[in-house]
S.K.: 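Shown below is the structure under consideration.
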Amino acid sequence: MFKKATTTINKNFAALFLAILSSNSFAAWDDLNMTEGVTAISKEVFGLHMLIFWICVVIGIAVFGVMFYSMFAFTKKKNPNPSTFHENTKVELAWTIVPFLILVLMAVPASNTLTKIYDDTEGDINIQVIGYQWKWEYRYLEDNIGFFSNLTTDLDEIYNKTPKGEHYLEEVDEAVIIPVGKKIRFLITANDVIHSWWMPDFAIKQDAIPGFINTAWTIVDKPGTYRGKCTELCGKNHGFMPVVVKVVPQDEYDLWVAGKKEEALKMAELTEKTWSAEELVQRGEGIYQKNCVACHQSNGAGIAGIFPALAGSDIVLNNKARHLEILMEGVQGAAMASYANQLSEVDMAAVITYTRRSWGNAENGDGEIVVPTDIVEYKKPKV
Amino acid sequence: MSAVIESHDHDDHHHGPAEGLTRWLYTTNHKDIGTLYLWFSFAMFLIGGAMAMVIRAELFQPGMQIVEPEFYNQMLTLHGLIMVFGAVMPAFVGLANWLIPMMVGAPDMALPRMNNLSFWILPVAFFILLSSLFMEGGAPNFGWTFYAPLSTTYAPPSVTFFIFSVHIMGASSIMGSINVIVTIMNMRAPGMTLMKMPLFVWSWLITAYLLIAVMPVLAGAVTMMLMDIHFGTSFFNAAGGGDPVLFQHIFWFFGHPEVYIMILPAFGITSHIIETFSRKQLFGHTSMVWAMTSIAILSFVVWAHHMFTVGLPLAAELFFMWATMLIAVPTGVKVFNWVTTMFKGSITYETPMLFAIAFVVLFTIGGFSGLMLAITPADFQYHDTYFVVAHFHYVLVPGAIFSIMAAVYYWIPKWTGNMYDERLGRLHFWLSFIGVNVTFFPQHWIGLAGMPRRVPDYALQFADWNMVSSVGAFLFGASQILFLFIVIKTVMGGKKATPEVWEGARGLEWTVDSPAPYHTFSTPPKVS
Amino acid sequence: MNEGSRKTIKLLCFSVLGMFTFSFALVPLYDVFCEITGLNGKIELEATTNQNLETESGRDVSIQFVSHNNEQMPWIFRPSDSQIKIQTGEFHTATFYVKNPTNKTMIAQAIPSVAPSNAASHLKKLECFCFEQQELAPGEEALLPVRLIFDDELPDSIKSVVLSYTIFDVTDYNDVEMTQHHNDNDHHDGHEMEPSL
């Protein structure tokens, strides 16, 4: 009976110990520790992280304890005659086997959590995530919604000309919106080089590999705005393509979906209407800031030897046809990609017009503008 | 057995070294070549360190202050390449050259002329690599791990020079390893069985086998890159039926054993130093050999722990998680053995011992973060963040680099005949110790809090600890100028060293004069 | 140099060459290993020769089709149906609409990828536009077929599969005959274009 009591006490103690080890008692030190996150999986991952951490701390204290003790107690002065023992098979066996058992103890919960993460059942909502140099594209497969997500932090903040905002480098023009409590599956790929999509609060990180698709899933318990990063070196603006996901109640999500679909319809109307040069330039400026400044710079001067200047460029001044062609098809063998699939006809026309009318180009060149129907025409077959 | 009588046999006056600068160009003497490797590695350490200063200066505050993102990527790439291939590896080869022949009672390395070639192609390789900074498109900017397709389709023109440079470095390592293995296996003094060999020699024997096995694989990987870039193949290009992930498998098959190549000699050095300054025979000599061997073997089957997020199947992820965790066992054995050697010893704290003790503690901390990284689901949160940067800098800087510094302080009296200045040595130690911890410990926190690696700028919540880390880096960097001063001062003069140098030092190298004669053990010693 | 040393040197040199060859062997070995262990996440780019795939008693599997243009390749490329439900052990033909809106002939290569990855080895194709490069003249459009089947060994836990195709532009722009478009070398504006990213 006594044995039973001690077993129970030991069991409870062990449970308590384990609970403390994996608990959130240190989440208060938020700047110093991993996030607990907002999903069941992220909390399990946090628990594993803390468990391993504490085991390491205990082992560290034990080992360094013996070492520091030796450093003080066995100086030459205090112990002028050193011992001569230099082997002990029993002890060596013990400290080979015991660590092995501790590792098994760690491996069991880790393997369980990993198996859960590899759940391959379907999601309620499937979102294709595509990494580009240097932004993300999101496509909601069931509802046929798609948009790009660009960093909106101003270059002026980055170059220390204006003070940095609260979400410096963590803000985008369009966040991913998902509903609480539903299973969301992400289908992750890339458009050019390898990127990686990381949402710390969901404990999701999967590489985005061109030509291949990787999956991840999540069910988020708590509404809120969650921010993540690209975590694979992908070129010059690797540090400037954040991830933002907004988790909202179901009805808000439904409204958003409906709104997006309406937007698509409206876009068709916008393509048909008649635009003035001023309207196009105004719209085009925003598009330019989002998509073009990284290489061609705000003042259109480019970077000598690397990215051509648009201000005073012969193509921009005098060759509307070639200008259009470059934007629609990219330049083979150079960094300039085709933007045909990224920009709507309206936005394409706007940004081209903006560059033809800015930085003195209007005065120095033919000043010709491009309207959305020009783009529609371009896309029609030529034969 | 050659019928030709070795020319130095009938000269009882040992030739001194040749005169003038060409001595260094033509030397086949293992001591000279060891010196060349060590000075070269020190120069590379300072150059790679300067790049680290640029990186930490840019990261001192949020925002872009000093360099552009494109150049920053070149700095981080070159920093990694130079430290791995130019500082750490050549330093260990330099130590191998100086010490292995003396420790096994051999007159020189087995292939002295190939030894000379192995060294001299290194400055050529690094000249090519560093000159890429001035090429159009700039230096390589894809990280020292150069994943495709960033390093193939999207690479600057200098990538071809990078590949050439890597081939040359690889050739140097391979030739050096052949030399080491042949020397150890075939030129030990009579009576020196393998188990009587000192641990530094053991550590290098194992390291050399690892190099033979994996440097050719790195050569294969960069050759495939070259073919994809210039000859229209599609090893790593999905459009042609290839796979970017294949690159990662091949690279890390080399890459993981490579990191053990960078630490095993450090284990050897630490064993020597702790034994000497504890005045007590190393605990568990046999299991130390067993531990290094099993670490080397296991290192071949854990490579994909660098790839947990690429989309591997569950079975693969589980296997690599368990295999990686397993490496903690033999590594732990080594740490326990060092501590037990100190226990009930008779310890003094000269500079080599300070560095060796710091190695044991700080490398172990790096090992703990490594164990955390091995846990795959947790790794999803750590991978490609500053947590990983903290981990590998702990095992490499207060790990490998501290062991190299320890070795230099320990053996420089043997090489030069002069004692280094103990006070200055201790100052160098404390400045480095503080610098290294202030630089890298906060990086664990920044990584956990969410900062990715290889970025020139960061969100505001990471600012405070980045500033602290940068200050630590400046301190650590400046302290190495002190080290340079100490080394030069010692070479030029100092208190004369005895042959034994350190009370309690064991090994054949301590039976010859300090400085060691130009040719030692022309007649093999008898080992009991 | 003693005999032992010579032997060791020879052995080590062979090992070096062997490991270099091994690294190239890793390329096909990678695929072989995946097949043997069944860990194959990659899809074969050739038609299956297996005759015994059809069964009557299959279960439901839903397939989601996803398309992507690599590097903003300018073609229009989308699946005719974005989601279908089929039975395991039953052939199905899906189509993808493709159009070349530019004024030059172009060639594309489609690369498939499947999620979850352990479904890949159970997906067999009799016919697929990914087996060959596809050439389209300016303005030409087409409906490209994929005739596929899931064998009945598909793990029970997999109830839906995503089949994604990425098209890459593999046109040889140096082939003057083929590309009716003027070469990018005649930039008259005098601006230097950096040839790579």
Side-chain angles (χ1 to χ4, degrees), chain A residues 31-34 45 48-49 52-53 56 60 63-64 66-67 70-71 74-76 79-80 82-83 86-87 92 95-96 99-100 103 107 110-111 113-115 117-118 158-160 164 168-170 193-194 196 200 203 205-207 209-212 214 229 231-239, chain B residues 62-65 69-70 73 142-143 147 149-150 154 238 244-245 279-284 287 309-311 314 317-318 321-322 325 328-329 332-333 335-336 339 342-348 361 368 371-372 375-378 380-381 383-384 445 448-450 452 454-457 459-461:
Chain A
D31 323 342
L32 305 182
N33 201 359
M34 182 192 287
V45 167
L48 273 173
H49 159 69
I52 313 302
F53 170 68
C56 289
V63 175
F64 299 149
V66 175
M67 186 186 213
S70 306
M71 282 168 69
F74 303 116
T75 58
K76 187 177 173 191
N79 191 33
S83 302
H86 54 267
E87 56 193 4
E92 301 225 57
W95 68 42
T96 307
F100 179 77
L103 289 175
S111 306
T113 303
L114 189 62
T115 310
I117 293 177
Y118 268 77
I158 296 176
Y159 286 93
N160 312 301
K164 297 174 173 48
Y168 178 72
L169 295 191
E170 294 189 317
V193 296
I194 301 180
S196 184
K205 182 182 289 152
Q206 282 289 287
D207 285 359
I209 302 172
F212 295 89
N214 276 334
K229 299 282 183 326
T231 42
E232 186 59 61
L233 178 64
C234 54
K236 105 185 156 89
N237 286 338
H238 163 58
Chain B
M64 300 300 296
Q65 286 87 9
E70 301 91 325
N73 288 351
F142 29 71
Y147 283 3
L150 186 63
Y154 296 82
V245 176
R279 293 165 181 73
K280 183 161 159 278
Q281 190 175 343
L282 186 77
F283 185 86
S287 37
T309 59
V310 307
L314 177 62
E317 305 245 311
L318 287 169
M321 171 165 73
W322 298 333
M325 291 169 78
V329 174
V333 163
V335 175
F336 302 147
V339 173
M342 292 169 71
F343 187 73
K344 297 208 172 153
S346 185
I347 308 173
T348 53
V361 176
F368 285 145
L371 183 57
M372 292 169 77
I375 307 296
T376 311
F380 288 160
Q381 299 284 57
H383 175 69
D384 242 279
W445 303 328
L448 290 178
R454 297 172 164 167
V455 291
D457 195 4
L460 300 178
Q461 63 267 31

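Proteins get letters first, then strands, A, B, ... in listed order; numbering begins at 1 in each.
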S.K.: Top residue by heavy-atom pair count (under 4.5 Å) with chain B, among A:Thr96, A:Ile194, A:Asn79, A:Val66?
M.R.: A:Asn79
S.K.: Report which part of A:Asp207 has an atom under 4.5 Å of a heavy atom belonging to chain B: side chain, backbone, both, or neither.
M.R.: both
S.K.: Between A:Gln206 and B:Gly311, what is the shortest heavy-atom contact and its length?
M.R.: OE1-CA, 3.9 Å
S.K.: At a 4.5 Å cut-off on heavy atoms, which part of B:Asp457 comes close to chain A: side chain, backbone, both, or neither?
M.R.: both
S.K.: For atom NZ of B:Lys344, decide whether the heavy atoms of other residues, nucleotides or ligands shown that lie under 6.0 angstrom number more than 12.
M.R.: no
S.K.: Please identify, among B:Gly450, B:Ala238, B:Gly143, the residue contributing the most non-hydrogen atom pairs under 4.5 Å to chain A.
M.R.: B:Gly450
S.K.: Answer with side chain, backbone, both or neither: which region of B:Leu150 has an atom nearer than 4.5 Å to a non-hydrogen atom of chain A?
M.R.: both
S.K.: What part of A:Phe64 gets within 4.5 angstrom of chain B, counting heavy atoms only: side chain, backbone, both, or neither?
M.R.: side chain
S.K.: Which one of A:Pro200, A:Gly211, A:Gly60 has the most heavy-atom pairs closer than 4.5 Å to chain B?
M.R.: A:Pro200
S.K.: Shorter than 4.5 Å, heavy atoms on both sides: which option in B:Val361, B:Val329, B:Leu318 has the most such pairs with chain A?
M.R.: B:Val361
S.K.: Over 60° means perpendicular and under 30° means parallel, so classify the ring planes of A:Phe74 and B:Phe343, tilted if in between.
M.R.: perpendicular
S.K.: With a 4.5 angstrom heavy-atom cut-off, is it the side chain or the backbone of A:Leu233 that approaches chain B, or both, or neither?
M.R.: both
S.K.: Say whether B:Glu317 and B:Thr376, considering side chains only, have a donor N or O and an acceptor N or O under 3.5 Å apart.
M.R.: no
S.K.: Check each atom of A:Tyr118 against the heavy atoms of chain B and say whether the ones under 4.5 Å are side chain, backbone, both or neither.
M.R.: side chain
S.K.: Chain A: which of B:Met372, B:Gln281, B:Gln65 shares the most heavy-atom pairs with it under 4.5 Å?
M.R.: B:Gln281
S.K.: If the condition is side chain to side chain contact (heavy atoms under 4.5 Å, CB included), which residues does A:Thr113 pass it with, not counting sequence neighbours?
M.R.: A:Glu44, A:Val45, A:Leu48, A:Ile117, B:Pro377
S.K.: Heavy-atom pairs under 4.5 Å with chain A are the metric here; pick the option from B:Ala378, B:Ala328, B:Gly332, B:Ala459 that has the most.
M.R.: B:Ala459
S.K.: Can you check side-chain contact (heavy atoms from CB on, under 4.5 Å) on A:Leu103 and B:Leu371, steps first, answer last?
M.R.: CA-CA 9 Å; A:Leu103 289 175; B:Leu371 183 57; 3.7 Å; yes
S.K.: How close do B:Gly345 and B:Lys280 get, counting heavy atoms only, and between which atoms?
M.R.: CA-CD, 3.7 Å
S.K.: If every non-hydrogen atom of B:Asn73 is compared with every non-hydrogen atom of A:Gly235, which pair is closest and at what distance?
M.R.: ND2-O, 3.1 Å
S.K.: Could you check which of A:Pro99, A:Gly239, A:Ser111 has the highest count of heavy-atom pairs closer than 4.5 Å to chain B?
M.R.: A:Ser111
S.K.: Using the salt bridge (Lys or Arg N to Asp or Glu O under 4.0 Å) criterion, which residues pair with A:Lys229? Sequence neighbours excluded.
M.R.: A:Glu170
S.K.: Can you say whether A:Glu232 sits under 4.5 Å from chain B via the side chain, the backbone, both, or neither, judging by heavy atoms?
M.R.: both
S.K.: Looking at every heavy atom in both A:Asn160 and B:Gly63, which two are closest together, and how far apart are they?
M.R.: OD1-CA, 3.7 Å
S.K.: Select one option (side chain, backbone, both, neither) describing which atoms of B:Met325 are under 4.5 Å from chain A's heavy atoms.
M.R.: both
